[in-house]
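Notes for the one structure printed next.
In what follows, residues are counted from 1 in the order of the sequence shown. Worth knowing before you read on, the calculation uses all heavy atoms, side chains too, and leaves out hydrogens, waters and symmetry mates.
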Amino acid sequence: MIDWSELGGAPPPLVFRRRPLADAEEVLVLSYTCDLGFFEDVCLPQIRPTRARTTVLYDAARLTGRSQRDQPADYLALPVACRNGAAFHPKLVVIASATEAVISIGSGNATASGWHHNAEVWTHLHLTEPTVPQLCHDLADWLRRLGDILWMEDIGRERLERTAQLLRHRPVAGTSSDLVLLTSDHTPIMDQLRPCCHVRRARGWPSPRRSSTRRPKPCGRWSNWYDPSRRSSC
């Protein structure tokens, strides 16, 4: 049994390491910048025992580390491009089966920096009940819309569709939920935040006006899970 209170804010590799879904069918990773060498060395070995199909979609202009080895047929890494010329900028991980799902939304790209060195933010939603919050179906609908928004190979659309089917397999709970999914494909996110009382922005780099502002340091709680000098292990 996984103690999710211990994984609050943890980066995706630690979630993969705990293998939260023994019967996972699909693992979907969406990232802006991507280091495939890092993902294949650190994350893929933790996913393979579940026998889930693994799909990584990343912005075609933001590949920083290339694949270093031949991969099995159930692993797919694809570049994508927005049809309107914008950047493909999500940071999302979905681990799904017909009866369970983990949805992780954060700020870090699928690189050693984004998933280890930087101070990033991650929220994990573990869905195990017979019903799911509306957010789960909203996410499925957004994944399906990506097929029209992005240039990608057909197999990428098929993987998105299958993940969407799993997220929609269970009905929406009758009770309302405070969870809301915001996407920018129709309306800017800031316009959707207007009902909020306050929106604060954190600045992580030195500001000319505030010399005391410091670059954020890696979160000490998760600082030891990845050793770059030992690329063969997690």
Side-chain angles (χ1 to χ4, degrees), residues 11-12 15 25-36 39 53-64 76-96 101-111 114-115 118 120-127 132-173 176-202:
V15 177
E25 296 181 37
E26 300 285 340
V27 174
L28 176 67
V29 176
L30 306 184
S31 183
Y32 173 49
T33 304
C34 183
D35 182 343
L36 292 179
F39 182 83
R53 293 196 307 179
T54 303
T55 306
V56 180
L57 303 182
Y58 57 90
D59 190 288
R62 299 296 300 179
L63 181 62
T64 62
L76 177 69
L78 283 180
V80 301
C82 294
R83 293 174 184 264
N84 64 1
F88 179 66
H89 214 271
K91 286 88 174 179
L92 170 74
V93 176
V94 178
I95 308 172
V102 173
I103 299 171
S104 300
I105 300 176
S107 62
N109 289 300
T111 65
W115 283 10
N118 294 348
E120 305 285 356
V121 176
W122 283 95
T123 296
H124 307 293
L125 182 62
H126 190 203
L127 305 174
V132 295
Q134 180 62 45
L135 176 145
C136 192
H137 284 209
D138 291 344
L139 177 58
D141 294 342
W142 179 75
L143 293 177
R144 285 170 167 158
R145 293 200 301 272
L146 289 181
D148 297 325
I149 296 171
L150 302 174
W151 296 108
M152 75 174 84
E153 296 182 29
D154 289 341
I155 191 173
R157 293 185 179 86
E158 186 273 328
R159 296 288 182 93
L160 289 172
E161 174 61 27
R162 180 53 185 159
T163 303
Q165 290 175 358
L166 293 173
L167 291 176
R168 271 191 162 272
H169 186 77
R170 290 172 287 171
V172 173
S176 61
S177 172
D178 293 333
L179 301 172
V180 178
L181 178 71
L182 301 182
T183 66
S184 60
D185 54 326
H186 291 310
T187 306
I189 289 178
M190 289 302 296
D191 291 349
Q192 300 174 62
L193 294 176
R194 286 176 179 173
C196 295
C197 296
H198 300 284
V199 176
R200 296 183 179 181
R201 182 181 67 176

Can you sort out the partners of [X] under side-chain contact (heavy atoms from CB on, under 4.5 Å), two or more places apart, ordered by chain and number?
X    : value
L135 : I103, L125, L179, L181
A173 : T131, T175
R170 : A101, L127, V132
T187 : D191, Q192

Does any N or O in the side chain of S31 come within less than 3.5 Å of the main-chain N or O of A110, such that one atom is a donor and the other an acceptor? yes

Flag, side chain of T64 to backbone of C34, donor-acceptor distance under 3.5 Å: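 Checking the backbone N and O of C34 against the side chain of T64, a donor-acceptor pair under 3.5 Å is found.
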
Can you name the side chain to side chain donor-acceptor pair (under 3.5 Å) partners of [X], sequence neighbours left out?
X    : answer
D154 : R157
S107 : E120
R62  : T33
E153 : none

Check against side-chain contact (heavy atoms from CB on, under 4.5 Å), L146 and V80: CA-CA 10 Å; L146 289 181; V80 301; over 6 Å; no

For a 4.5 angstrom cut-off between non-hydrogen side-chain atoms, does [X] reach [Y]?
X   : Y    : result
V94 : L139 : yes
F88 : W151 : no
V93 : V15  : no
P90 : W142 : yes

Smallest separation among heavy atoms of [X] and [Y], with atom names:
X    : Y    : value
S184 : I189 : CB-CG1, 4.1 Å
I105 : W122 : C-CE3, 3.5 Å
T54  : R159 : O-NH1, 3.4 Å
C82  : L150 : SG-CD2, 3.8 Å

With sequence neighbours left out, the residues meeting ring-ring contact (aromatic ring centres under 6.0 Å, His included) with Y32 are H89

Of all residues at least two apart in sequence or in a different chain, which pass the ring-ring contact (aromatic ring centres under 6.0 Å, His included) check with H126? W4

State the [atom1]-[atom2] distance between [X] and [Y], to the nearest 0.5 angstrom.
X    : Y    : atom1 : atom2 : value
T183 : D138 : OG1   : CG    : 8.5 Å
R168 : H137 : CZ    : NE2   : 5.0 Å
R162 : T55  : CZ    : OG1   : 12.0 Å
Y58  : N109 : OH    : CG    : 13.5 Å
M152 : L57  : CE    : CG    : 6.0 Å
L28  : T163 : CG    : OG1   : 4.5 Å

Taking E161 first and then R144, would you say they form a salt bridge - that is, a charged N and a carboxylate O separated by under 4.0 Å? yes

Would you call D148-R83 a salt bridge at under 4.0 Å N-O?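 Looking at R83 together with D148, the answer is no, because their closest N to O distance does not fall below 4.0 Å.
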
Once salt bridge (charged side-chain N to carboxylate O under 4.0 Å, His left out) is applied, what residue pairs with a partner in residues 176-187 remain, sequence neighbours excluded?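 Checked against salt bridge (charged side-chain N to carboxylate O under 4.0 Å, His left out) - neighbours excluded - the pairs reaching residues 176-187 are R145-D185.
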
